[in-house]
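The chains referred to below are lettered A, B, ... by the order of the sequence lines, with proteins before strands, and numbering in each begins at 1.
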2 protein chains.
Amino acid sequence: MANSAHIEGTPNPNVSIDCVVFGFDNEKLKVLLIEQKNKGSINAQFALPGDLVLEDEDLHQSATRILKELTDLEGIYLKQFKTFGDPNRVRDVKDQEWLRTFREDPEARVITVAYYSLVKMEDYIPQAASLAGKVIWQNVDEVPQLAFDHNQIVNEALERLREEFEYKNVGYELLPKKFTLSMLQKLHEIILGIELDKRNFRKKIKKSEVLIPLEEKQSGVDHKPAQLFRYKSSSR
Amino acid sequence: MANSAHIEGTPNPNVSIDCVVFGFDNEKLKVLLIEQKNKGSINAQFALPGDLVLEDEDLHQSATRILKELTDLEGIYLKQFKTFGDPNRVRDVKDQEWLRTFREDPEARVITVAYYSLVKMEDYIPQAASLAGKVIWQNVDEVPQLAFDHNQIVNEALERLREEFEYKNVGYELLPKKFTLSMLQKLHEIILGIELDKRNFRKKIKKSEVLIPLEEKQSGVDHKPAQLFRYKSSSR
DNA sequence: CAATCTAAGTGTATTTTTTACACTTAGTGT
DNA sequence: ACACTAAGTGTAAAAAATACACTTAGATTG
C-alpha cells in the first residue's frame, strides 16, 4: 500500500553536530567558542565547534571526531541532548567557509544534533588556532551573539546540564582529578545557582560516600591548606 | 583558510521522525505500533509510526504531522528525546514501502529523531487501518521484535519517560480527564516499577496541591465509588 | 617571633519529610 | 441481612534537611 510519492528534487538535509563544551575555573562556568575569521567581516563572529556528519559515521563518533579536529579535545564526557531543526536555522552550508566538508546538497537546510561536554580545564589550554579559527573560553553569562541559533543551543545545553547535575553525579567531569570540598561546593553553587551551607554540604557529601580523601593537602595558598579528595568510582 | 573539501558524491542523509506513543489503560503501560503488510512477508512486521521529514518542516511540526497522518492522533504531548544515527540502522529508504515520501537519495542512510508521546487512551481508539497499516496498542513489556532499531528506541523512550515522570508532573497526560486517586497511584506504580503505600501516596498528593476534587463520584463499579479528581493547572 | 589574616574544619538542636502500619465505610450483589 | 470489594482515613517513629558560630592551620607582616 502506501502512496509512496517520490518527490523529485526534494533534497535531503545536511546533518551536523554542534558541541557545547563546558569548563569550570573555580570561579565561573565557561563555554568553549570558536572565532571565525571568514568573509572578511570586521567583527569577530563566534560559534560553537561543529561540522557536518560524515557518510559512515555514528553520531557519537562524529561528535568525538569533530571536537578533536576543531579543539584538540579528546576523551571527554559527551552527551547528546537535543536536535535542532528549524528549517531556517541555517541555509546554504557552502557559505560557511570554516566547515571541513561539503556535501551533495550544500544549499539544503542543516539539521544539527547538539551535544554538551564537560572538561577539566586544568587539562586543556585552548589552541591559539585550530582548523577553524581561534578557540576561547567564555563565561557562560557573557556569551556574545553567536552564529545561527547557537545562543539558543547554549541556553538549552545549560538547562540540561543543570537537570542532569541534580540526579546524576556528573560534576566531577568538570573538576581537576584532585580537588577540595570548597571547590566542589562552589561548583554546585554555580551550576545550581544557589548558596549552600558549608557544614550541611560537607555532611551530605560525607554520607554519599563518593569521595576518597587523599594523603595530600592543597599547596600554594596563603592560608590553612585544605584536604584534597578524588572521586571513588573512576580512576580518571 | 578552511580546507573546504567538497566531497563529490557524498550524499546527504535522510532524516526521519519516529514516535513512541505511550498509553495507560489502568492496568498496563502500552505503546502504539503499526503493523506493516509489505513485501508479502508472512509474519506481521511491526514498527513505530514514523516517516521522513519534509523539506520545509520544523522537527516538532513534522512529528505532529506524521503522527496525525499515521494514527490520527492530534493535540497530544510530544517530546523529542533522542536522535539515532548508527550508519547501518536503516539503509535504503525505498525498500520501506509504507513510507509516505521518498527523497533525493533514497539509498542514503537514515538518521531518525525520536519523540515520545503520552495519550489519554479513553480519547483514542486505534483506527483499524491507517495509511501505513493496522495500528495497535501493545503492552510495553510484550513488545515483539520491531523493524530496524525500533526496540532500542522504545526502550530508551521508556527510560526517559521514567526520568521525566519523577521531576515533572507529566503523568496526567496519560490519565482520563477525571480520575480516581487509585488510578493515579497505579500509574505511578507502573511507571516507577515499585509499590506505593496508599496512605502515604495520598498524603503526598494532597500536600502537592495539584488536584481538584470534583463534585462527582466514580460510577459503574460494584463497590464503594471513589472520589473523582482532575488536575488543577490544565483544562484539558 | 608575636600578631594578623584567610579559608578550613567541625557539632548540635529544630524542623520537615518519609516511612510503616490496620481498621472502618459506602456501595453492589446474593 | 450478609458478604464482598475497594475507598478512605491518622499517628508514631525514623530519616533527612536546615539553621547556626567558633576554633584551627598555615602564610604573611612588622
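- Formation of a donor-acceptor pair under 3.5 Å by the B:Arg89 side chain with backbone atoms of B:Val110 is found in this model.
- Side-chain atoms of A:Thr71 do not come within 3.5 Å of backbone N or O of A:Lys68 as any donor-acceptor pair.
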Would you sort out whether A:Glu209 and A:Lys232 count as a salt bridge (Lys or Arg N to Asp or Glu O under 4.0 Å), showing the intermediate values?
CA-CA 8 Å; A:Glu209 298 185 319; A:Lys232 203 177 239 175; 5.1 Å; no
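- Within residues 215-222 of chain B, no residue has any heavy atom under 4.0 Å from DNA chain D.
- Residues meeting the side chain to side chain contact (heavy atoms under 4.5 Å, CB included) test with A:Val21, sequence neighbours left out: A:Cys19, A:Leu32, A:Leu67, A:Leu73, A:Ser117, A:Val119, A:Trp137.
- For the contact set between residues 193-202 of chain B and DNA chain D, defined by any heavy atom under 4.0 Å, the members are B:Lys198, B:Arg199, B:Arg202.
- The outermost nucleotides of DNA chain D lying under 4.0 Å from heavy atoms of chain B, listed 5' to 3', are D:dT5 to D:dT11.
- A donor-acceptor pair under 3.5 Å is absent between the side-chain atoms of B:Ser62 and the main chain of B:Asp58, judged by distance alone.
- Looking at residues two or more places apart in sequence or on another chain, you find a ring-ring contact (aromatic ring centres under 6.0 Å, His included) between B:Phe179 and B:Tyr231.
- Within the structure, salt bridge (charged side-chain N to carboxylate O under 4.0 Å, His left out) pairs that include any residue of residues 193-203 of chain A do not occur (at least two apart or interchain).
- For B:Thr83, the side-chain hydrogen bond (donor to acceptor under 3.5 Å, both in side chains) partners two or more places apart in sequence, or in a different chain, are A:Thr83.
- For the side-chain contact (heavy atoms from CB on, under 4.5 Å) criterion with B:Tyr115, the lone passing option out of B:Leu59, B:Asp18, B:Leu48, B:Ile66 is B:Leu59.
- Although no hydrogens or angles enter the test, the distance criterion places no donor-acceptor pair under 3.5 Å between the side chain of B:Gln218 and the main chain of B:Pro225.
- Side chain to side chain, B:Asn139 and B:Lys30 meet the donor-acceptor criterion of an N or O pair below 3.5 Å.
- Between the B:Thr180 side chain and the B:Gln227 main chain, no donor and acceptor come within less than 3.5 Å of each other.
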Short heteroatom pairs, N/O only, protein and nucleotides 14-16 of chain C, under 3.5 Å:
none

Would you list the atom pairs, donor with acceptor, under 3.5 Å between side chains in residues 156-163 of chain A and any protein atom, with sequence neighbours excluded?
unit_1	atom_1	unit_2	atom_2	d
A:Glu156	OE1	A:Lys82	NZ	3.0
A:Glu156	OE2	A:Gln152	NE2	3.0
A:Arg160	NH1	A:Phe81	O	3.2
A:Arg162	NE	A:Ile191	O	2.6
A:Glu163	OE1	B:Tyr167	OH	2.9

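- Note on B:Ser182: only backbone sugar-phosphate atoms sit closer than 4.0 angstrom, heavy atoms only; bases stay farther off.
- Taking a pair as Watson-Crick or G-U wobble with both distances under 3.5 Å, DNA chain D forms stems of 3 or more consecutive pairs at C:1-30 with D:1-30.
- To the nearest angstrom, P of C:dT18 lies 12 Å from CD1 of B:Ile205.
- Not a single ring-ring contact (aromatic ring centres under 6.0 Å, His included) links B:Phe84 to another residue, sequence neighbours left out.
- Listed by first and then second residue, the ring-ring contact (aromatic ring centres under 6.0 Å, His included) pairs that reach into residues 182-216 of chain A are A:Phe165-A:His188, A:His188-A:Phe201, sequence neighbours excluded.
- When each of A:Lys224 and A:Lys203 is assigned the nucleotide of DNA chain D bearing its nearest heavy atom, the one mapping closer to the 5' terminus is A:Lys203.
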